Undergrad: 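Questions regarding the structure given below will be posed in turn.
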Amino acid sequence: MKESEDIGKPESQNFIEQAIEKDLNEGRNGKRVHTRFPPEPNGYLHIGHAKAICLDFGMAENYGGKCNLRFDDTNPTKEDVEYVDSIKEDIRWLGFTWEDREFYASDYFGRLWEFAVSLIKRGLAYVDDQSADTISEQKGTTTQPGLSSPFRDRSIEENLDLFFRMNEGEFAEGSRVLRAKIDMASPNMHMRDPIIYRILKTPHHRTAAKWKVYPMYDFAHGQSDYFEGITHSLCTLEFEVHRPLYDWFIDQLKTDDYRPRQIEFNRLNLTYTVMSKRKLLELVKDGVVKGWDDPRMPTLCGLRRRGYTPESIKRFVDLIGYTKVEAINDVSLLEYAIREDLNKRAPRVFGVLKPLRVIITNFPEGVSEEMEIDNNPEDESQGKRIVPFSREIYIEQDDFSENPPNKFFRLAPGREVRLKGAYIISCTDLVKNSEGEITEVHCTYDPETKSGGPQADRRVKGTLHWVSAAHALNAEVRLYDRLFSDEDPSGHKDTDAREFLNPDSLTVIKDCKVEPSLVDAGPLTRVQFQRVGYFCVDYDSRPGMLVFNRTVGLKDTWARLNK
RNA sequence: UGCUCCGUAGUGUAAUUGGCAACACGCCUGACUCUGGAUCAGGAAAGUCUAGGUUCGAGCCCUAGCGGAGCAACCA
């Protein structure tokens, strides 16, 4: 009864979907939905961008519309083709496509110029000869109105002449700007005669030295939306106060009923994470991390290298939703999303991080036995793999204790444990070196207890993972912890991100041993080392040495074993 | 002391637009037992920032207050 009611019940909508459907119902813009993702190519995409990408492309998908990729490249001093390429790669990796709709704000420099000229001719824009400081002073404050520039009422002819000469390169950077003539007393600071063009002589990565003046964001964004036929321009909350200006320019530009509409949503904030592109760039430049794709970085390429899947990121974005509340999302939710995904798709394999040699004294020398083990006990379709077993194996150092404390249910002298997928073994002896360190443990095995064998059901205290010494592959494992810790930098907007660095954010463990089935594992192969966590093969693995990045650890693994 | 936006379990989101405050993560119990912290079962936790008002009925509408965020780059 209740279930049948639920079936017809529509999924709850977020406020953006509601706004879009309202527009659709009212027949606006020919009932089209057309969005755009507009990154500035001045850095690598991070997970915050993923939230915007999922929205922009997702809304288009939901409503049978399109989503353009548009590079907001109006500031040649900060932008570079390196970033253009990485941005495209990351969007594709997330699984979205812009087909042939790859645009650049710089594609519209000509039309924006024409529009600016038109504003001048209509008396709605003027060239200001004052310095940045003076203009800033005249702007007033949030509580006091601004003052008019002495150049505000320059003649149209003079404005035109100056604007053209600005673009000829006749004037120095910073010497003149073009401003829209709106309202110096507006309570909205952005409406107080905003600067719309400035002189920049740095060559542009696409238009080279063609232009000497470049439009500001506010003068490029809405118009670019208009030129592309965008219906819903989704951006983050901090642009809310820009909306009146966005609309003002559209009003001056539009020639028919079509008009794009800006809707703002909350930016992604993650605990223990810095999301500012500027600060991430500093970390890269200062060598705090090894690059934009350092697995500790919140960049998409960093997360990818760490082993995150696109699905898990989309799932996470889905979980946190879109609102107008400035929320701080807990990274544990992101970790949940990747565990949930990897639990289903990552095969279980044996990896011993800190090996301890175990000799099974009653097992024949020079013989190896093939154990057939499920790749994923929860998913039979992932099949089984062969893991060789032999007289000498490695187990985890932590899985042996000479003088076991209470509730230690793993291997200890005189005790029995099960080797996952193989036999029950019993510890008979141990060997120490001159420093008193345990170097070898001797055990006997019970042939009747092989997995599936007659005695396999026997209850033992614990189950251990293992790797046959003769067959083991050498590996190096990098455990990544949070780059920032203790004091949470996500709430500190203006402080130096480096103050919050966690000195233990990277731990490298060498001399690890992993099972031979991984011999051909290529970069980004994701596995679960049983009882340890999820790992992913790194790009710089080399023959004879597999390198793994830890994606995310299993939580408190020993606790259950010791229960 | 201006303008704009926002206040719902610890966190993030819902609430069929005025009708029994729900879901997820996290946390706690229990079950399962070659290990997955998966799966299953259960539990604690908000009475919706505050005070008024309208109404049979308010998280939702109105008023005032409190609290938080954004805005004064020739950045986006």
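Owing to the predicted nature of the structure, the values given are computational and were not obtained by experimental measurement. For the numbers below, each heavy atom of this structure counts, side chains included, while hydrogens, waters and symmetry mates do not. A note on names: the letters A, B, ... follow the listed sequences, proteins ahead of strands, and every chain is numbered from 1.
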Undergrad: When all nucleic acid strands are considered with a 4.0 Å heavy-atom cut-off, which category describes Asn188(A): base, sugar-phosphate, or nothing?
TA: nothing
Undergrad: Using atom C1' of each nucleotide, how far apart are C27(B) and U50(B) to the nearest Å?
TA: 30 Å
Undergrad: Heavy atom of residues 234-246 of chain A under 4.0 Å from RNA chain B: which residues?
TA: Glu238(A), Phe239(A), Glu240(A), Val241(A), His242(A)
Undergrad: Regarding Ser186(A), tell me which of base, sugar-phosphate or nothing describes its non-hydrogen contacts under 4.0 Å with the strands shown.
TA: nothing
Undergrad: If you compare every side-chain N and O of Ser136(A) against the phosphate oxygens of A73(B) (OP1, OP2), does one of them come in below 4.0 Å?
TA: yes
Undergrad: What is the nucleic acid contact for Ala327(A), judged by heavy atoms within less than 4.0 Å: base, sugar-phosphate only, or nothing?
TA: sugar-phosphate
Undergrad: Classify the side chain of Ser451(A) and the base of C34(B) as holding, or not holding, a donor-acceptor pair under 3.5 Å.
TA: yes
Undergrad: How is Glu340(A) classified with respect to the nucleic acid when contacts are heavy atoms under 4.0 Å: base, sugar-phosphate, or nothing?
TA: nothing
Undergrad: With respect to the side chain of Lys324(A), which nucleotide from C5(B), U35(B), A76(B) is positioned closest?
TA: C5(B)
Undergrad: How far, in whole Å, is C56(B) from G65(B) if one measures between their P atoms?
TA: 28 Å
Undergrad: For atom P, what is the distance between U8(B) and A14(B), given to the nearest Å?
TA: 12 Å
Undergrad: Requiring both pairing distances under 3.5 angstrom, list the stems that contain RNA chain B and are made of three or more consecutive Watson-Crick or G-U pairs.
TA: B:2-7 with B:66-71, B:10-13 with B:22-25, B:27-31 with B:39-43, B:49-53 with B:61-65
